[in-house]
*Asks:* 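My questions all concern the structure below.
Sequence lines set the chain letters: A, B, ... in the order given, protein chains first and strands last, and positions in each chain run from 1.
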Amino acid sequence: MSTIPKAYDPRAVEEKWYDFWVKQGCFTADPARVGPGRPAYSIVIPPPNVTGMLHMGHVLNNTIQDILARKARMDGKEVLWLPGTDHAGIATQVQVEKALLREEGKTRYDLGREAFLQRVWAWKEKHGGIIIQQLKKLGCSCDWTRERFTLDEDYSRCVQKAFVHLYRKGLIYRGHRMVNWCPASLTALSDEEVEMKPQKGALYYFRVLVVEPDGTPWRAEGPPAVPPEAAATELPEGAFPGPEQDEQGRTWLTIATTRPETIPGDTGVAVHPRDPRYAHLIGKHVLRPLAPELPVEQRIMPIVGDEHVEFEFGTGVLKVTPAHDKADFEIGQRHGLPAVDIMNPDGTMNALAGEKLAGLDRFEARRVAVEQLREAGVFVREEPYEHNVGFSQRAGVPIEPRLSEQWFLRYPAVKQARECVLPPVEDGGAAPGEPPPGRMRFHPDRWVKTYLHWLDNLQDWCISRQLWWGHRIPVWYSEGHGKLRRRLVVPELTGRELPGRNIKELRRAAMEYAARHGILGQSFLNLDTGQPITVHKSSLEHGFSHFGVANVKLVPALPALIRHAVRVATEPHRPPTPQVLAVETYLAALRLGDQLFRVKFRVKVFPSNLRLYDHQTVLLWREEKGEPDGAKSPEVRAPKDPTSRPASGSALRLADLVEDVNRDPAFTRCQFDCPGPGWEQDPDVLDTWFSSWLWPFATMGWTGDPEQDARNATLQTFYPTSDLVTGPDIIFFWVARMIMAGYEFMGELPFRNVYFTGIIRDKQGRKMSKTLGNSPDPLDLIAKYGADALRFGTMRSAPLGQDVLFDEKDVELGRNFCNKLWNACRFRQLQAGEVEAEIRPELLSSDDRWILLRLDRAIRELDAAFAGYRFNEATATLYRFFWSEFCDWYLEAAKAALYGEDPARKANTLAVLDFVLAHILRLFHPFLPFITEELWQSLGYAKDLPPDQGGLTIMNARWPKPFDEDFKAHYGLDETAAELAEAKYDLVSRGRNLRRELNLPPSRKLDFVLKPAGRLEAHEAEVIRLLLNAGSLRVDGDWQPPRGTPAVLSPKLGELYLPLEGVIDPAKEAARLRRDLEKIEAEVGKLEQRLADPKFAERAPARVIEEHRGRLAELQARREQIGGILASLEG
RNA sequence: GCGCGCUUAGCUCAGUGGUAGAGCACAUCCUUCACACGGAUGGGGUCGUAGGUUCAAGUCCUGCAGCGCGCACCA
């Protein structure tokens, strides 16, 4: 047996044992070992970004997972902790792009897609996997043979499989929608990737002129005709007065905006329909003040009444910019306002923004727009204003709401996802054990509410990203059909391009168009019948359906609807007609009143970009019946209004409403591989989360082929996983979506328990961030203090679900703790003697029995803490038991035997020491894997054990069980056995306190005298002497103390005197005793009063009353003892 | 605005109706043969606030205040 160094040096130990574990395959899960006596336990790691670095959040998260995994192994389970990384689409691509620009001054477009992707892979090879090495340093016991990366070939296949599956179900569709656009990364983002931040901006006030439809100023005639319901509205005090009239009688509206640069995109002005100031102006028009170079008719926009407007805010007049604001877009939808996109994808202004703004960045354009307003004489004032702006979480720039064509997912399995999570435990009780089959528990359970709230407000998930690094969308487009464009860039089907907003206007426009282009009198083919028709004036007036719209009722909704429709085809007109460039076919669901229609409509595109609409409708459902009418699915329910996105989770099945183009193999195919020549893949990639939501089974080799999956032992054995450990910040991004994917693809929930960690903050409570520089590098901490220290310190300061204020002091504490453990074992080793000898019950001292009982209690506390995922409580128990109980008292008391003359007692004490230490090491192992292995091996505790039960490594040693009754009876362990020890330690504390109060240095050996209350074994007296650090302890029942000898008392053990020459002052001693007596009297008084209360006696449980009585008796005894001494002092 | 969390010693925080706790910091003393990354002793708390329930409240309930977080947003 080698001697152990005086201080623990983690560096000498950690690498050695980690290599050992890996070489011995200790982390490798084997499904074949799972059986009735050996249950499976599994965790999948939340995949960190492949090019990321370890931060404190990872430390917290992965330490917890490792603790769970190691504890499960010691519980005799077959453990799979499955590690891996994800490709982090935007983050990684941005990193590589930045490096490319910095080093070569190039953009990804300079390189091209293939070459750029090669760069990213090279980057991944170089920087990727660093974080995996870091996890190993932390001691993580992951099964590295199963490590996965989301862009692995197998994994990519899973992603494709999932996409195709959902696509065929009709849950994935392409739509032209308002999305969150990141002008820095040039991609769409999901709602979850947008972070609202308060921004200091300004509210700019400017005026617009109210005009007639022809552009001439509108002049009020007589008093305004305010509708009665508006006149009745009371405006708050100090509200904006309303429209103004100038000396020429013209009427002006004042508008407040934070984004004057979007004025060129305004297509209307909205007021509240019950606003008494403005209601009478609804239906009139205003002149857009910017881009004055445009002809007047292109600057006229209507004033609409919309309830969205709040008249308390600003001036009560809202400018409507449908193409650049989600709320405005909806207003635009409701009133048929066109959406004019005035920006380029990178956030600069395009030509539609007007001469002055075109080419400028949107923020620069804001300044110029204000200047322009000033020059035009319509600028009123600006005032500072703080409001929330959506930022791209990754790129950190304000997002731009933008209309674009994206792929969306209607979430699957929402119902199961909602129902599987157990509701919070109501009356504060700890959540008991494993959730019932098919159910899932959150820890802490309050996150259930957040989760359900999100599920209740689901919007379809925008899954396409305009990036190159990621899983490319497995959809292929055919080029081989005449004018069909490769990438179907949806033309801006705005109302501006529409010739009108109602049937009358459409007719007029069609007539004008026909006249201008000489269509009148010409022959065309009727697109529906194939019959030739000649266009006469009368046929345009009466038979509009040839060109346009048959159902007048539908017309006002069409321009709105078309943006929400799925385009299923773009074809040349057949037979070819020079006047019609193409025919686009769309499908959509439309609600009109109480009816739901499927609408299929064709758009005929004319050379001047004029579009005419033709449609067929099928009634699917009628509300009053409550039953589907002609619907294919009884689950069909109508969306709220024709323009709103159908909410995910509603029973409406798009597949029933829309025959997706992608099932028309002539144009588009959704499949893994290229269908052949002439086909090109969709250029976009999928959101990274669209791959990580498959993580719990895709990592286990899921294929989606039932037969193949049935043969997959890993998948069959370890899915569903047991626990998931993650941060609440990705509860929507990841957790919720994994649950849905679990049900959708595996038919089962993906995990049984979800543990949500807190967020690691610095001492001041600020989030850790690179920019603040307040995030310590965990590797530095490991180098300085050791991995075990970092783990212990982190766990100790991380209560369940609360944020963690990280302080390096915590790690220091962890190091000190490891050192203490090291030295306690070193002490044992220095004693030599036989290792783990048999304990002989008849030789157990009170101290032995006491520490065994404390050990039992600690095991029970730890089990309870583990059951409730309360790891900080577990560390607190370990700390208290090991340090305050084992080291401070037991080890010191044991020295009496170890340094004593009785070899049998000495051997027995060593046996107890070994027994307790071997338990301590096992209890500590999940928290402190390295040091416990080192000590387990060097103390020789591994020696006589079977290899799979601790003989090879402490990793497989059995987790200690609380002592059963037989064990306790055999060793005489009951609470009274410990009372003597407790009394000794109490008396010793009082004795030490006496020494301190009398200012006697420890170097001075003191001679105490004990007047025992009963019989006292010599060994017990020796323990007391040792703990008191006394020169001698005389036990003498007949001893008569000199008057004024300082004393402390123990009702159980007797009176402990400190006879001293020269320092005895009876008065002083009496005063000291009287102080004690006063405290006791006060306490006795309280207890007596309570016990005397009949209500207390009646209603308090017997256990409590007993406790009170016992305490009172103890205090009364003490009071008498003190009283006796006081009497002798004063007498 | 809605929801969630927090408020206990100088600091960071545990606390499960029944004696108010830990670590750090502080003060004093000690390098005694496991450990100064240590040991001993001590000081320090009307548990945010106002009510209520209870024999008994830091703990349960209600209101209020302050701080933090999430969601939704008013241009």
Side-chain angles (χ1 to χ4, degrees), chain A residues 4 6-8 196 203-204 255-259 262 270 308-321 325-328 385 387-388 427-430 444 446-447 449-450 453-454 457 728-729 731-732 759 761 763 765 767 785 789 793 796-797 799 801-807 809-810 812-831 864 868 870 872-873 876 879-880 884 887-888 891-892 895 899 989 992-997 999-1003 1005 1029 1083 1086-1087 1090 1093-1101 1103-1105 1107-1108 1111 1115:
Chain A
I4 318 183
K6 202 167 167 181
Y8 173 56
M196 300 304 268
L203 209 47
Y204 303 90
I255 301 177
T257 181
T258 55
R259 301 196 63 190
T262 64
H308 171 80
V309 181
E310 302 205 9
F311 32 71
E312 293 88 352
F313 190 89
T315 64
V317 186
L318 170 66
K319 74 185 201 59
V320 182
T321 326
D325 184 284
K326 270 188 184 171
D328 285 10
Y385 183 62
H387 62 132
N388 282 336
D427 23 20
R446 65 187 140 86
W447 289 108
K449 206 162 186 172
T450 309
H453 181 257
W454 184 76
N457 295 283
D729 46 336
I731 185 168
F732 312 135
I759 293 167
R761 301 170 181 282
K763 264 191 288 190
K767 259 191 185 175
Y785 300 104
R796 197 180 154 280
S797 54
Q802 296 292 342
D803 286 357
V804 182
L805 298 199
F806 179 81
D807 188 341
K809 287 261 189 236
D810 294 329
E812 201 179 310
L813 177 118
R815 178 201 56 183
N816 296 351
F817 190 80
C818 290
N819 193 56
K820 188 80 175 174
L821 182 61
W822 183 259
N823 275 290
C825 292
R826 179 167 180 259
F827 172 76
R828 164 64 189 94
Q829 204 174 39
L830 293 173
Q831 303 309 312
R870 295 185 300 269
N872 72 313
E873 277 185 34
Y879 196 103
R880 188 210 63 226
S884 307
C887 290
D888 285 353
L891 224 50
E892 296 304 324
K895 287 175 182 172
Y899 299 156
S989 289
R992 286 169 176 174
N993 173 268
L994 197 60
R995 176 197 274 269
R996 192 76 190 87
E997 278 194 11
N999 271 324
L1000 303 167
S1003 53
K1005 289 286 175 193
N1029 190 26
E1083 192 62 27
K1086 265 203 289 194
L1087 282 168
R1090 184 173 290 180
D1093 186 345
K1095 282 183 184 165
F1096 177 76
E1098 190 184 321
R1099 302 196 192 175
R1103 177 184 57 84
V1104 172
I1105 295 174
E1107 243 174 51
H1108 279 68
R1111 213 158 65 229
L1115 285 168

*Asks:* If you compare every side-chain N and O of A:Y385 against the phosphate oxygens of B:C74 (OP1, OP2), does one of them come in below 4.0 Å?
*Replies:* no
*Asks:* Using the C1' atoms only, state how far B:U49 lies from B:C67, rounded to an integer number of Å.
*Replies:* 15 Å
*Asks:* Would you mind reading off the distance between A:I759 atom CD1 and B:C69 atom P, rounded to a whole angstrom?
*Replies:* 9 Å
*Asks:* Run the side chain to side chain contact (heavy atoms under 4.5 Å, CB included) check on A:T321 and A:R259 step by step: do they pass?
*Replies:* CA-CA 10 Å; A:T321 326; A:R259 301 196 63 190; over 6 Å; no
*Asks:* Say we look at B:U41 and B:G52: how far apart would their C1' atoms be, to the nearest angstrom?
*Replies:* 44 Å
*Asks:* If I pick the P atom on B:U59 and the same atom on B:A50, what distance separates them, to the nearest angstrom?
*Replies:* 13 Å
*Asks:* Is any side-chain nitrogen or oxygen of A:H387 closer than 4.0 Å to OP1 or OP2 of B:C74?
*Replies:* no
*Asks:* With heavy-atom distances below 4.5 Å as the criterion, would you say the side chains of A:V1104 and A:F1096 are in contact?
*Replies:* yes
*Asks:* Under 3.5 Å, is there any donor-acceptor pair linking the side chain of A:E892 to the base of B:A34?
*Replies:* yes
*Asks:* Just how far, in rounded Å, is P of B:G15 from CD of A:E873?
*Replies:* 6 Å
*Asks:* Report the residues that fulfil side chain to side chain donor-acceptor pair (under 3.5 Å) with A:K820, sequence neighbours left out, ordered by chain and then residue number.
*Replies:* none
*Asks:* Using the C1' atoms only, state how far B:G48 lies from B:U8, rounded to an integer number of Å.
*Replies:* 10 Å
*Asks:* Quick one: A:D325 CG to B:A72 P, roughly how many Å, whole number?
*Replies:* 15 Å
*Asks:* State which of B:A34, B:A75, B:G23 makes the closest approach to the side chain of A:R826.
*Replies:* B:A34
*Asks:* Mind checking if A:A327 touches a base, just sugar-phosphate, or nothing, with heavy atoms under 4.0 Å?
*Replies:* sugar-phosphate
*Asks:* Which whole-number value in Å describes the distance from A:Q831 CD to B:C33 C1'?
*Replies:* 10 Å
*Asks:* Considering heavy-atom distances to RNA chain B, does A:K1086 or A:N999 have its closest nucleotide positioned more toward the 5' end?
*Replies:* A:K1086
*Asks:* Which residues pass the side chain to side chain donor-acceptor pair (under 3.5 Å) test with A:E310, sequence neighbours left out?
*Replies:* none
*Asks:* Using a cut-off of strictly less than 4.0 Å, decide whether A:Y899 has a side-chain nitrogen or oxygen near OP1 or OP2 of B:A34.
*Replies:* yes
*Asks:* Are A:E892 and A:K895 ion-paired here, with the side-chain N under 4.0 Å from a carboxylate O?
*Replies:* yes
*Asks:* If you look at every strand shown and take non-hydrogen atoms under 4.0 Å, does A:Y204 touch a base, only sugar-phosphate, or nothing?
*Replies:* nothing
*Asks:* Can you give one letter per nucleotide of nucleotides 36-43 of chain B, going 5' to 3': B for a protein heavy atom under 4.0 Å from the base, S for sugar-phosphate only, - for none?
*Replies:* SBSSBBS-
*Asks:* Would you indicate what A:L203 reaches in the nucleic acid, counting non-hydrogen atoms under 4.0 angstrom: base, sugar-phosphate, or nothing?
*Replies:* nothing
*Asks:* Quick one: label A:Y785 by what it contacts on the DNA or RNA (base, sugar-phosphate, nothing), any heavy atom closer than 4.0 Å.
*Replies:* nothing
*Asks:* Between A:N872 (CG) and B:A22 (P), how many Å, whole number?
*Replies:* 16 Å
*Asks:* Whether the side chain of A:N819 engages the backbone of A:Y8 through a donor-acceptor N/O pair (distance < 3.5 Å, no angle test) should be reported.
*Replies:* yes
*Asks:* Looking for any heavy atom pair under 4.0 Å, which part of the strands does A:K1005 touch: base, sugar-phosphate only, or nothing?
*Replies:* nothing
*Asks:* Under 4.0 Å between any heavy atoms, over every strand shown, what does A:L813 touch: base, sugar-phosphate, or nothing? Just pick one.
*Replies:* sugar-phosphate
*Asks:* Where is the tightest heavy-atom contact between A:K1005 and A:N1029, given as atom of each residue plus distance?
*Replies:* NZ-OD1, 2.8 Å
*Asks:* Tell me the closest heavy-atom pair linking A:A256 and A:T315, and the distance in Å.
*Replies:* N-OG1, 4.0 Å
*Asks:* Side chain to side chain contact (heavy atoms under 4.5 Å, CB included) between A:I731 and A:W447: does it pass, once the steps are laid out?
*Replies:* CA-CA 9 Å; A:I731 185 168; A:W447 289 108; 4.1 Å; yes
*Asks:* On a whole-Å scale, what distance lies between the P atoms belonging to B:C61 and B:G17?
*Replies:* 12 Å
*Asks:* Measuring only the P atom in each nucleotide, how far is B:G42 from B:A22? A whole number of Å is fine.
*Replies:* 12 Å
*Asks:* Base, sugar-phosphate, or nothing for A:A256, non-hydrogen atoms under 4.0 angstrom?
*Replies:* base
*Asks:* Would you tabulate the nitrogen or oxygen pairs shorter than 3.5 Å linking the protein to nucleotides 3-5 of chain B?
*Replies:*
from	atom 1	to	atom 2	distance (Å)
B:G3	O3'	A:K449	NZ	3.4
B:C4	OP1	A:K449	NZ	2.9

*Asks:* What integer number of Å spans the C1' atoms of B:G66 and B:A27?
*Replies:* 33 Å
*Asks:* Mind listing the closest non-hydrogen atom pair of A:A789 and A:G814 along with its distance?
*Replies:* CB-C, 3.5 Å
*Asks:* Not counting sequence neighbours, which residues clear side chain to side chain contact (heavy atoms under 4.5 Å, CB included) with A:L994? List them please.
*Replies:* A:L998, A:P1046, A:V1048, A:L1058, A:R1072
*Asks:* Supply the atom-to-atom distance A:H453 NE2 to A:N457 CG, rounded to the nearest 0.5 angstrom.
*Replies:* 4.5 Å
*Asks:* Heavy-atom nearest nucleotide on RNA chain B for A:K895 versus A:V1104: which residue maps closer to 5'?
*Replies:* A:V1104
*Asks:* Rounded to the nearest Å, what distance is computed from the CG atom of residue A:N1029 to the P atom of nucleotide B:U31?
*Replies:* 12 Å
*Asks:* Measuring only between side-chain heavy atoms, which start at C-beta, is A:L203 closer than 4.5 Å to A:F313?
*Replies:* yes
*Asks:* Dot-bracket for RNA chain B, 5' to 3', with Watson-Crick and G-U pairs under 3.5 Å, [ ] for crossing pairs and | for other-strand pairs: what is it?
*Replies:* ((((((((.[[[[.)..(..]]]].(((((.......))))).....[[[[[..)....]]]]])))))))....
*Asks:* Tell me: CZ of A:R796 to P of B:A22, nearest whole Å?
*Replies:* 11 Å
*Asks:* So what does A:P728 hit on the nucleic acid, given a heavy-atom distance under 4.0 Å: a base, only sugar-phosphate, or nothing?
*Replies:* nothing
*Asks:* What is the distance from CD1 of A:I1105 to P of B:G18, rounded to the nearest Å?
*Replies:* 15 Å
*Asks:* Using atom C1' of each nucleotide, how far apart are B:G44 and B:G21 to the nearest Å?
*Replies:* 14 Å
*Asks:* Looking only at atom types and distance, does a side-chain atom of A:N823 sit under 3.5 Å from a main-chain N or O of A:A7, one as donor and one as acceptor?
*Replies:* no
